[in-house]
Undergrad: 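The structure's right below; bear with me while I get my questions together.
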Amino acid sequence: MTIDTVSLALIFMLSILLGFELISKVPSTLHTPLMSGANAISGITLVGALILAGGSESWLGSVLGFLAVTFATINVVGGYLVTNRMFSMFKEKKREDHDRSH
Amino acid sequence: MTIDTVSLALIFMLSILLGFELISKVPSTLHTPLMSGANAISGITLVGALILAGGSESWLGSVLGFLAVTFATINVVGGYLVTNRMFSMFKEKKREDHDRSH
Amino acid sequence: MIEAINWFYILAAFLFALGLKQLSSPATARRGNLLSATAMLIAVGVTLFDQQIIDFRWILGGVLLGATIGLLAARLVAMTAMPEMVALLNGFGGVASLLVGWGEYVNIMDLGSFVAVATFLAVLIGGVTFSGSLIAWAKLRDFWIGNFGIGKPILFRGQQVFNSMLLLAILISGVMFALDPVQGYTPFLIVIALALLLGIMAVIPIGGADMPVVISLLNSYSGLAACAAGFVIQNNILIVAGSMVGAAGLILTSIMCKAMNRSLSNVLFSGFGSVVTAGSDRVEGEVKPISASDSYLLLEASSSVVFVPGYGLAVAQAQHAVRELSDLLENNGCEVRFAIHPVAGRMPGHMNVLLAEADVPYDQLVEMDDINPSMDSVDVCVVIGANDVVNPAAKEDEASPIYGMPIIEVERARTVIVMKRSMATGFAGIENPLFYKSNTRMLFGDAKKSLQALVAEFKQ
Amino acid sequence: MIEAINWFYILAAFLFALGLKQLSSPATARRGNLLSATAMLIAVGVTLFDQQIIDFRWILGGVLLGATIGLLAARLVAMTAMPEMVALLNGFGGVASLLVGWGEYVNIMDLGSFVAVATFLAVLIGGVTFSGSLIAWAKLRDFWIGNFGIGKPILFRGQQVFNSMLLLAILISGVMFALDPVQGYTPFLIVIALALLLGIMAVIPIGGADMPVVISLLNSYSGLAACAAGFVIQNNILIVAGSMVGAAGLILTSIMCKAMNRSLSNVLFSGFGSVVTAGSDRVEGEVKPISASDSYLLLEASSSVVFVPGYGLAVAQAQHAVRELSDLLENNGCEVRFAIHPVAGRMPGHMNVLLAEADVPYDQLVEMDDINPSMDSVDVCVVIGANDVVNPAAKEDEASPIYGMPIIEVERARTVIVMKRSMATGFAGIENPLFYKSNTRMLFGDAKKSLQALVAEFKQ
Amino acid sequence: ESDRKETRIPLLPDSAVRLIEAGARIRIETGLGSDLGWSDEEYREAGVEVVSDRTQLLSEADIVFRVRKPDAAEIDRYRKGSLHIGFLDPFDERALLRKFSEAGVDAIAMEMIPRTTRAQKMDALSSQANLGGYVGVILAAGMSKKIFPMMTTPSGTIAPARVFVIGAGVAGLQAIATAKRLGAIVEAYDTRPVVEEQVRSLGGRFVKFDIGETGETEQGYARELTEEQLARQRESMAKHCEKSDVVITTAQVFGKKAPRIVTAEMVKRMKPGSLLVDLAVESGGNVEGSRLDEVVDVNGVRIIGFSNLPGKAPLNASQMYSNNLTGLILEFWDKEEKRFQMNLEDEILNGCVVVHEGEIRHEMFR
Amino acid sequence: ESDRKETRIPLLPDSAVRLIEAGARIRIETGLGSDLGWSDEEYREAGVEVVSDRTQLLSEADIVFRVRKPDAAEIDRYRKGSLHIGFLDPFDERALLRKFSEAGVDAIAMEMIPRTTRAQKMDALSSQANLGGYVGVILAAGMSKKIFPMMTTPSGTIAPARVFVIGAGVAGLQAIATAKRLGAIVEAYDTRPVVEEQVRSLGGRFVKFDIGETGETEQGYARELTEEQLARQRESMAKHCEKSDVVITTAQVFGKKAPRIVTAEMVKRMKPGSLLVDLAVESGGNVEGSRLDEVVDVNGVRIIGFSNLPGKAPLNASQMYSNNLTGLILEFWDKEEKRFQMNLEDEILNGCVVVHEGEIRHEMFR
Ligand SMILES: NC(=O)c1ccc[n+]([C@@H]2O[C@H](COP(=O)([O-])OP(=O)(O)OC[C@H]3O[C@@H](n4cnc5c(N)ncnc54)[C@H](OP(=O)(O)O)[C@@H]3O)[C@@H](O)[C@H]2O)c1
Ligand SMILES: NC(=O)c1ccc[n+]([C@@H]2O[C@H](COP(=O)([O-])OP(=O)(O)OC[C@H]3O[C@@H](n4cnc5c(N)ncnc54)[C@H](OP(=O)(O)O)[C@@H]3O)[C@@H](O)[C@H]2O)c1
Ligand SMILES: NC(=O)c1ccc[n+]([C@@H]2O[C@H](COP(=O)([O-])OP(=O)(O)OC[C@H]3O[C@@H](n4cnc5c(N)ncnc54)[C@H](O)[C@@H]3O)[C@@H](O)[C@H]2O)c1
Ligand SMILES: NC(=O)c1ccc[n+]([C@@H]2O[C@H](COP(=O)([O-])OP(=O)(O)OC[C@H]3O[C@@H](n4cnc5c(N)ncnc54)[C@H](O)[C@@H]3O)[C@@H](O)[C@H]2O)c1
């Protein structure tokens, strides 16, 4: 099932380049939300954790997998929710501004 | 030797995204050179042509390969040289402008 | 061995990406071209070590022949003939992909269905690129030299029906081929033939002046053809480089369309349109809005711009913004003038007050009577919050209450950009047919904001 | 089955890329987050169909536990504690990658050398991220609440030596493990321990105020850790998403550094620096140039800006440009004032003429005596072609020919950006120590050009 | 064919050339342009005949150009059936109109040119009011004890002058623009609400009082206010005058006496040293106590009531007036017959020809 | 402690407050500020004593503020050992200085305040010249037969006026700025090349003639030109004057008679109707034929030679002058002893105290 490493490396290189290009100018108000959003994405390691937790035959592997799933899930769930909360805060703020201007 | 198609598809997707991101704003003076430069890159099919021309056992395959190599080489060599000529033209123009301002 | 080759391919892919990025900025474009050439050298060089290659004779012959032709062509072609040259080279790239697909098929015959589809695409796109590019080349020569008669759009009755049939035929042959590649040589050859025909049919209805856009599009196609060929021979570098160029070419094409104030579909299908609905939009016309970034592309590519300020300039207090834009245009090598109508604004000399405040040099101010004769040679006329003073009804419509008032005849410029907030009327309260002319684009919004957006575009 | 999963992975990768792009623009950020969440759902969902997964009990437990904790944490955390929360979550992501690497090793033991290296990296980066994030979290709590004592940089003698040793030890253990994974369990555990220690050591010398930058960097690391884990289990989506986030996080980190007018190395190693060379630059200092785009980041993030125009503004005729910049800043929610020194320029009222021409509202003009008392609370003071009138020598240096002249005390602002063409002196012909102050940045070039570049940055 | 009395003149050599090209024969009184720098010689070069005898001129001309109204006596010397063009002040000079009709001389009153878009090139009221607004401010700047712009200097900061413009028609807008150029803080008031945007487009602040409904007539002139509106207006007005250094009034109502806007009481409340410039003084004045061609000092507040302000920039005023007359003639010139076509169907001529064929034909003056 | 004679006054209530806070006792002549709108009452509120007897005032004061030089006779009424501060015109009024020294009255000439950065707040020459430049242009705009700005109107396009400013010191620069504000095309000339950039920074065009080396003294004043340079200058100058509608001259050389720059012949070549404003008329005039406080008409070209232009904006001129004097006093005020410290070591006082302890101490006048 091993995909050849060269393809992986190529994929890695392309993703890195894409990551660099995707973000260029970020207004300061978005710094924290973007960080948080990116952090949630890095919880993708959950996929690995799932495979580990579900596929281990050793007890140690399973425990490690269980821990990995737990932590990764916290990261994913918490990350997306926190990011979303930040955005809803923005919206409220804007509405306030709007209200004030009337 | 077949790399699995899924990896190829992923690579394809990433490259397409990267291609979209790489180019965003091009001053009109660069339209033609950029087109020409990109055209030269698309001569990469030469690599395929080489494999075909060098690896065919049938006579037809070899002839097709030969033609492919010929055409692709014209594209590559001509493309890069033409692009380069365009840039040297720019340079001269700039120098002229410069000279005039003195 | 093959693994080492692939590592080099990754390096080449990286360099291609870098090169392409650098190609799109004036400061680094030259370097970008060199980078991409280096990448090509690496990719081609390491390929020669591929185990699949057992016989170098054909290769040597092809490379030598191709290099010689390429070298001579690049050396000898006149500077003015560069766009044609690119078209031709591009066609060769396309046909090479076609040949690769064909050859691979000939060698293996028993293709997997995925590879079969890829082969079909490589042949189809390659073929269209090839014949399309040749036609584009021919049209361009005609456009420049003018003895061939192919430069103009070539149209005939039933063209659209014919093209639809063609597409259908290609599709059917393709399916037949892909379902059973071993038996499918005939449908395959039919696909090749039809692809070539399609390329021709697609390009002939388009006028020579639009060829650069077509070439750019075909250029994107040839990238995709290479990519498809990559799928055929399962080669990374072809896929990466080909699809990257394909995507980038598409972006470039749309940029070029906007700089000509056309949409892509307008370019590709305008020929058909002109048979069916010729002249119909001359009578009424429709309002065509434009975005600031598209206006930028228009202005950036023009060499003569006239600003026509009106009361809206004053309301928006956009005098400084227009001054800045005019400076930027001048730095871009464009001739900039301001045409002042005697009754523009709400007070005699209203525009003068504003433009003097923004320190627009007096010698850039041109009076109505002086600008009108030279209006035909103006690339873009930017009407900033003026309405009545550029209303062609004053010339054309005897029933109009302002009939007889001299106006600035902006509608005679190649393109007119009108900046105003809405379709509302001006002081005289009458409709303005200018807004419906085919060469008019409306940039809606506060004039200052629009101008500032344009300025921002100019600075990236 | 696995192929189908991989196709979904490609879809997820695409959505991640799109989501990340949209996250970086205010108009689409919310949508971007949803897209990326969808991508995550897809990726996780299809993974459950992986044939490798045979036992769902551990998974179910982990997911339920993790989801509950994550939900509660996100719900209950106070809005002001968001950055800490992000740090903590990030740490969990890091440790998960570490555990994945560890678990995979435990399961297989006999790793290929490539996979071994990947495992080493996953564990190392994951470990550093985990412990570093925890420290950052602790520092932030302290910073906000202030009862822990960890908020301040923690420094001790020999810290640099210790850290170098640590790195070396990690490297040696890593090599031992990678060379013979089957026998390498002990060095592997050592790597884990040392990685955790390294994370702690790297973050403790950094002050609490710099934590956002550190978190952003660690965030980039956790992406890379996920990517390394991807290499370990040979999983595309981990590699793509992880490396994309890693790269994007790096860019974001450098953007944040610039908005704080710091370099990354300055943030990471400032703690060390302050032990070794404390106070030395207070005496002489050095000229620190800044680019227009970095100045933009500074201005964009500030809430109170004071412009100090001088003769250079007049020479550059930059009045309109500064007006435009000031409008943009105001729209950005920033308080903008112009401080006018009585002798700025070459004629009494010189600045007034210019600023009136650009229609700067009179109530934005502040006199010297009124601005100086509030200078400490100004985020950025932009000195535009002024020199003598902001020369602290007039206050500090009794020998100076201008000693005793009242000046605008810009050096008391948090950051000073000085726009001038060179280090040349002004009318009085004397050196200006302001240019060497630690909080001063020089934006060299014609003032109008610099201002226009800033305006362009503001409009992207 | 022309004569004159004041600083402005009705015809410049440039315009003469245009008329002569169209086929007219032109004669002027000798020395017409000499004060403004155009010698008789220059007129002759343009093709104009220079005549020294005014009586002869008048008695032979088909069309007479003039800036101001003529003496009643002079009208007798006109040829019967000839046409007089110039400012006539027809609302106040009914007698003069009668004189014209008796003498059988047609008369066009430049005041009566309708304010349509097409007529703008002949609109002398606008062209002269425009200059008046400019001159009014220059005059005020010259007489003010304060300078207009703000100056931050080592010898203290000079606050910008506050200029309050009442009535933002053509003259008022130009006054706003000019004062703004000099760096003053400019406020303006007008009863027509559409003007607000126009004032702001020149960088001035528009002052609003709540005085109920107002409006403008079809031709863009202001409607007269009711007595109650005027009272409310006065109340708020006083406060604005008080804080201003210079008040410039340009309010007029077409065909009526100018509204009395600034009362004596308001003047009294103003700061000593401040100025009032009354541009409406010729039609009665907006300021109580303003007197024609005089500077009245009320407790240190000076009220300037100079008439004929455009005449203080006589060169440009004449240039514009001359262009207006030329525009009018050429608009109705019959190129074949080389004569002026008295087409009374036309909206413009219908509006401005007050006396025709011995009859006062304009309905407003019958 | 003050008195007065002209439109400007040397002390405003604001400044008085600052001096009184520092511990001075101040008395003024009654009615000092009444023309400019400050009543005696306001002065009293500021803590000033208002006295009606000038002789008493003078004989009791330690320091006397004044705008212009006093009558020789008046000096006798001063208390011996007292200090007079004001413009003295010391280069032309040696006799007056002698009178001061005989009377044992110390004297500070405001003209002599050195032009260092520190002394700028007391630099009355600059503050008044600055206003002079502004007033000069306003005056020219008021008297010109053309308007300054360009106007594109339906009644023809009015070309902007051309203003030529000769001498771009403090007054010249302000003149450039003001004329530019009004929309004129402004050209300027000065012998000091550093001025070029300053002129351009105000939107003016700098005119260069090739006249060889020139320069400025340490204090920023212009050096005198050689006779040959002047001749060459005149040649090119004539051409520029010819095409200008308004010429404003401000050229001065410190302590010398103003250079004669515009000759009678140049004036003759100018267009009739154009204007010359000679701001240097008090020190001899830059224009040949300019006469103090008169308008001279030479073939339709008017030469305006009004003196004391800052006095035409008396409010601001007084304000600035008052601030200058206050700045001077406070710079050398001894807060403990509440008296003025005559520290002749100091660069500033060394420069401006011309008479001290019965002796003309300044080297330039000995
Ligand atoms: N010059 C004079 O002395 C004088 C005096 C009185 C009257 N007039 C009359 O005024 C008219 C002048 O013609 P004109 O072409 O200058 O003006 P106009 O015909 O009145 O048209 C002005 C246009 O500007 C647009 N506009 C207003 N505010 C804007 C903003 N902030 N940003 C962008 N666009 C804005 C308006 O359209 P949107 O609302 O859609 O934005 C309007 O259609 C003539 O009819 C003339 O006869 C002239
Ligand atoms: N206000 C008055 O009435 C008056 C009259 C006479 C003299 N002064 C004296 O003038 C001085 C005024 O102080 P200040 O701070 O306004 O000016 P300053 O001290 O003369 O400094 C002006 C600075 O602007 C820079 N500059 C020039 N052109 C520029 C351009 N195009 N873009 C960017 N920068 C430019 C120059 O540096 P680079 O060359 O490196 O760019 C120069 O250091 C005081 O010393 C004052 O005493 C004032
Ligand atoms: N159609 C055209 O092209 C055209 C040509 C010229 C002028 N106009 C319009 O005609 C309008 C009037 O021109 P005008 O300057 O000759 O008018 P005007 O001289 O008759 O009046 C001057 C101004 O005074 C104002 N006013 C009247 N009574 C007032 C009061 N009680 N308080 C305050 N203000 C009062 C009027 O509203 C007007 O704006 C202008 O606004 C102009 O837009 C239109
Ligand atoms: N150090 C300071 O802070 C400070 C303060 C005030 C003024 N200054 C400088 O002093 C300079 C002179 O000030 P001023 O206005 O009182 O000078 P001024 O009144 O003595 O002279 C006016 C101008 O006339 C010019 N001039 C002299 N002879 C001329 C000739 N033959 N032709 C043409 N021009 C001639 C001079 O160069 C000067 O610019 C100013 O430029 C100013 O920069 C410096």
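Protein chains get the first letters and strands the later ones, always in sequence-line order, with residue 1 at the start of each. Every value quoted in this text rests on a predicted model; they were computed, and no experiment measured them.
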Undergrad: Determine whether more than 12 heavy atoms belonging to other residues, nucleotides or ligands lie under 6.0 Å from atom CZ of F8(C).
TA: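 No, not enclosed.
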Undergrad: Side chain, backbone, both or neither: which part of E357(D) has a non-hydrogen atom closer than 4.5 Å to chain C?
TA: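 Contact with chain C: backbone and side chain both.
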Undergrad: Around atom CZ of F16(C), are there more than 12 heavy atoms from other residues, nucleotides or ligands closer than 6.0 Å?
TA: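 Yes - once you tally the heavy atoms of other residues, nucleotides and ligands closer than 6.0 Å, there are more than 12.
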Undergrad: Going by the side-chain contact (heavy atoms from CB on, under 4.5 Å) test, name the single residue among H320(C), E324(C), Q319(C) that passes it with H320(D).
TA: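 The side-chain contact (heavy atoms from CB on, under 4.5 Å) with H320(D) is passed solely by H320(C) among H320(C), E324(C), Q319(C).
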Undergrad: Contact part of Q452(D) toward chain C, heavy-atom cut-off under 4.5 Å: side chain, backbone, both or neither?
TA: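 For Q452(D), heavy atoms of backbone and side chain both lie under 4.5 Å from chain C.
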